[in-house]
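The sequence lines fix the lettering, A, B, ..., with proteins before strands; numbering per chain opens at 1. This one's a predicted model, so the numbers in the text were calculated from it and none came from an experiment.
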Amino acid sequence: MKKRLETLLHTALSTLTSTGALPGDLAVSFQVEHTRDAKHGDFATNLAMVAGKAARMNPRQLAEQVIAALPADGAVTKIEIAGPGFINFFIDPQSQFDVIRRVHDLGAAFGMSGVGAGKTVQVEFVSANPTGPLHVGHGRGAAYGQVVAKLLKAVGFEVQREYYVNDAGRQMDILAASVWLRYLEECGEHIHFPYNGYRGDYVRSIAGDLLRRYGQRYRRPGAEVMAGLPADEPQGGDKEIHIDAIVDRAKLLLGEIDYQTVFQAGLENILGDIREDLAEFGVHYEQWFSERSLSDSGAVVKALEKLDALGWLYRKDGATWFASTRLGDEKDRVVVRDNGQMTYFASDIAYHLNKLERGFDRIINIWGADHHGYIPRVKASIQALGADASRLEVLLVQFAVLYRGEEKVQMSTRSGEFVTLRQLRNEVGRDACRFFYVMRKSDQHMDFDLQLATSRSNENPVYYVQYAHARVCSVLRQLDEKGWERNVPFGMDHLHRLVESHEHTLVAGLVRYPEVIERAALQHEPHLLVHYLRELAQEFHVYYNAHQFLVEDAPLRDARLNLITAVKQVLHNGLHLLDVSAPETM
RNA sequence: GCGCUUGUAGCUCAGCCGGAUAGAGCAUCGGCCUUCUAAGCCGAGGGUCGCAGGUUCGAGCCCUGCCAAGCGCGCCA
């Protein structure tokens with residue numbers, strides 16, 4: 001209907017320009033929107049006010065001319081000029097009822113569209129370092145990324161979800177060393193566990209597995225391990241220097257092969273846990289992309305060579321730099337350190353080059369908001385490689401500040417004091433978790449109150465929507481118990497019996513659903529869907545309290561049942577996009 | 001110090017890329033279950049949209065300054 005009105009208005013505009021009433025070069029972008037207040041009709045447009053300025057005409061006068069030039073449409077019952085020059089359209093409610101048939105016909109497909117058809121998009125999200133279990137911060141990115149991917153799919157994009165596994169680099173070495181030290185402790189060696197090591201219980205558990213599987217094969221004398229190491233932080237030293245020395249010592253004493261075994265044990269164990277955790281959370285990927293595969297295949301070197309050939313690299317202070325300032329970055333960035341090691345950024349350049357070469361029309365990275373300073377250099381690298389940087393879109397997810405009631409929960413991966421995603425899921429349940437995470441705009445700070453999220457009371461908004469769905473199901477069960485037959489086509493023939501304002505409101509709500517999906521998808525804003533579902537559920541609850549559905553009058557009864565089953569279907573479709581269940585009973 | 005983001009009801013947040021009287025949930029107060037599930041509904045109170053200017057028919061939204069908060073400013077990842 002919205003699009004129909006837009007077309008009508010465009011026709012009116014071109015009529016007016018062809019008759020010379022309006023200047024021909026008039027370029028206006030007007031909007032047709034749903035009104036907030038029923039007094040203003042069903043739809044309103046700001047056309048006359050927008051065009052009035054350009055045409056140097058009084059908006060209300062222009063509005064009159066537009067209305068006069070407007071082609072007739074049976075569904076429009078009344079047109080009014082209001083306020084400073086709004087044109088308000090009143091729509092015949094009966095003409096909207098077709099949506100009930102469409103919902104029944106399309107079922108789960110209602111709300112999908114083809115705006116993204118033929119385009120491919122990759123969504124990379126979570127991509128947490130496999131150095132420990134996912135915590136509640138990762139959960140928000142996981143829920144957000146999953147829903148963004150599903151929304152894009154719903155509007156026709158071909159979507160590929162990807163997790164970038166940082167299975168190389170210093171942090172992974174520190175994990176390997178931490179596992180080994182815990183293993184040595186299990187063996188009975190006396191060692192000093194580094195301040196900067198990974199202290200979580202999961203590290204001990206991996207060490208225990210290692211011991212059970214391989215016995216004492218990797219045992220080395222504790223004294224030998226600790227001999228001559230630079231002091232750790234609590235002893236007045238530097239924790240970073242200390243931990244690096246431990247890593248070197250581990251590599252030395254274990255040798256390449258054994259070190260790799262310990263390293264792999266840590267990586268596989270944690271990555272396996274992450275995969276399982278995400279799967280249980282309803283988050284799935286088409287691809288797990290290994291960072292190490294990039295360096296192993298020489299892709300990183302190749303990417304740097306390409307940049308060099310294009311004149312973007314230079315050498316200074318023994319390091320190799322990328323001249324990103326020439327493309328808007330704050331400062332140039334090192335890609336190869338003076339010790340010959342590639343930086344993380346070098347891998348990232350190769351990774352994004354790889355993504356571009358895979359041919360996606362659009363690439364979406366979902367990052368924690370603390371990485372926002374990283375965007376200019378990645379975009380610069382894409383541009384430097386001759387690609388269009390606008391193909392990459394970086395969506396930021398603000399880390400949730402965790403509270404337990406009034407008290408702020410401090411988190412640190414290394415200290416092991418963090419609330420894991422798994423703990424949260426177990427406490428709150430998957431539905432509430434997923435709903436809660438995407439309820440708020442993702443790039444906004446969010447206070448995540450664990451007490452609230454874990455409450456099974458009506459404070460938890462997910463129940464409100466689910467309850468509306470369950471209520472429809474319950475009505476259908478009551479129908480059976482009364483031994484009444486339901487005739488869907490018969491009900492469709494009597495939709496004109498739906499004359500209550502509650503019914504018209506609900507129908508208008510159904511009409512909006514596809515628009516909401518499209519907007520939520522294209523703007524990557526799942527919270528719009530959440531808000532919509534709450535509104536639709538509310539309109540249903542209001543209707544439920546105001547009118548009886550299971551009435552003696554069969555035509556009216558079947559018409560109402562068709563309406564509420566359409567509502568049920570839309571609630572189901574929306575919840576499904578959020579990966580929240582739509583229960584039949586509660 | 002510089003950059004990015006944010007500031008809306010007691011709390012948590014929306015506000016459809018400049019529109020009509022700024023909304024919702026929770027919390028508070030008062031009503032509604034012999035009738036399809038009360039995890040629901042109806043009603044009430046609650047606001048200087050951080051502050052001050054500016055742009056125009058019109059600003060919570062755009063511009064400038066100030067105040068406050070978060071994040072980022074490594075040859076870390």
Taking the [atom1] atom of each, how far is [N] from [M], in whole Å?
N	M	atom1	answer
B/rG60	B/rC32	P	41 Å
B/rA44	B/rG3	C1'	47 Å
B/rA59	B/rA22	P	12 Å
B/rC73	B/rU8	P	27 Å
B/rC57	B/rC2	C1'	40 Å

Salt bridge A/Asp553-A/Arg557, side-chain N to carboxylate O under 4.0 Å: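 Salt bridge: no.
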Aromatic-base stack, A/Phe86 on B/rA20, cutoff 5.5 Å, angle under 30: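 Yes, the aromatic ring of A/Phe86 stacks with the base.
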Centroid distance under 5.5 Å and plane angle under 30°, A/His371 vs B/rG72: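 Aromatic stack with B/rG72 absent for A/His371.
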Polar side-chain contact A/His531-B/rG15 base: donor and acceptor under 3.5 Å: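 Side chain to base: no pair present.
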Heavy-atom donor-acceptor pair, A/Asp173 side-chain to B/rA77 base, under 3.5 Å: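 A donor-acceptor contact between them is absent.
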Residue closer to the 5' end of RNA chain B, A/His34 versus A/Asn339 (nearest nucleotide):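 The residue mapped nearer the 5' terminus is A/His34.
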Most 5' of A/Tyr543 and A/Lys316 on RNA chain B, judged by nearest nucleotide: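 Looking at RNA chain B, the more 5' nearest nucleotide goes with A/Tyr543.
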Given that both distances must come in under 3.5 Å, which nucleotide forms a Watson-Crick or G-U wobble pair with [N]?
N	result
B/rG1	B/rC73
B/rU48	none
B/rG30	B/rC42
B/rG19	B/rC57

Which of these nucleotides, [options], is closest to any side-chain atom of [X]?
X	options	answer
A/Arg337	B/rC75, B/rG40, B/rC36	B/rC75
A/Val542	B/rA77, B/rG72, B/rC41	B/rC41
A/Ala44	B/rC36, B/rA20, B/rG72	B/rA20
A/Ala319	B/rC75, B/rA20, B/rG3	B/rC75
A/Lys441	B/rA14, B/rU35, B/rC75	B/rA14
A/Arg440	B/rU12, B/rA39, B/rC73	B/rU12
A/Trp321	B/rA14, B/rC75, B/rA77	B/rC75
A/Gln171	B/rC17, B/rC36, B/rA77	B/rA77

Between A/Phe540 and A/His469, ring centroids under 6.0 Å: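 Between A/Phe540 and A/His469, the centre distance exceeds or equals 6.0 Å.
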Sub-6.0 Å ring centroid separation between A/Tyr314 and A/Phe322: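 That pair fails the under 6.0 Å test.
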Touch class at under 4.0 angstrom, heavy-atom based, for A/Asp370 against every strand present: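 Answer is sugar-phosphate: A/Asp370 comes under 4.0 Å of backbone atoms only.
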Syn-anti status, with the boundary at 90° from 0, for the nucleotide B/rC33: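 For B/rC33, whose glycosidic angle is within 90° of 0, the conformation is syn.
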Is [X] near enough to [N] that one of its side-chain N or O atoms lies under 4.0 angstrom from OP1 or OP2?
X	N	result
A/Lys331	B/rG3	no
A/Tyr464	B/rC41	yes
A/Gln538	B/rG40	no
A/His527	B/rG15	yes

Nearest atoms (heavy-atom pairs only) where A/Ser178 meets A/Tyr198: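 Heavy atoms of A/Ser178 and A/Tyr198 come nearest at OG-N, 3.0 Å.
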Test: A/Arg315 cationic atom under 6.0 Å from A/Trp321 six-membered ring centre, within 45° of axis: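 Ring-cation test returns no.
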Any donor-acceptor N/O pair, A/Asp558 side chain to A/Arg486 backbone, under 3.5 Å: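 The answer is no, because no donor-acceptor pair under 3.5 Å joins these two groups.
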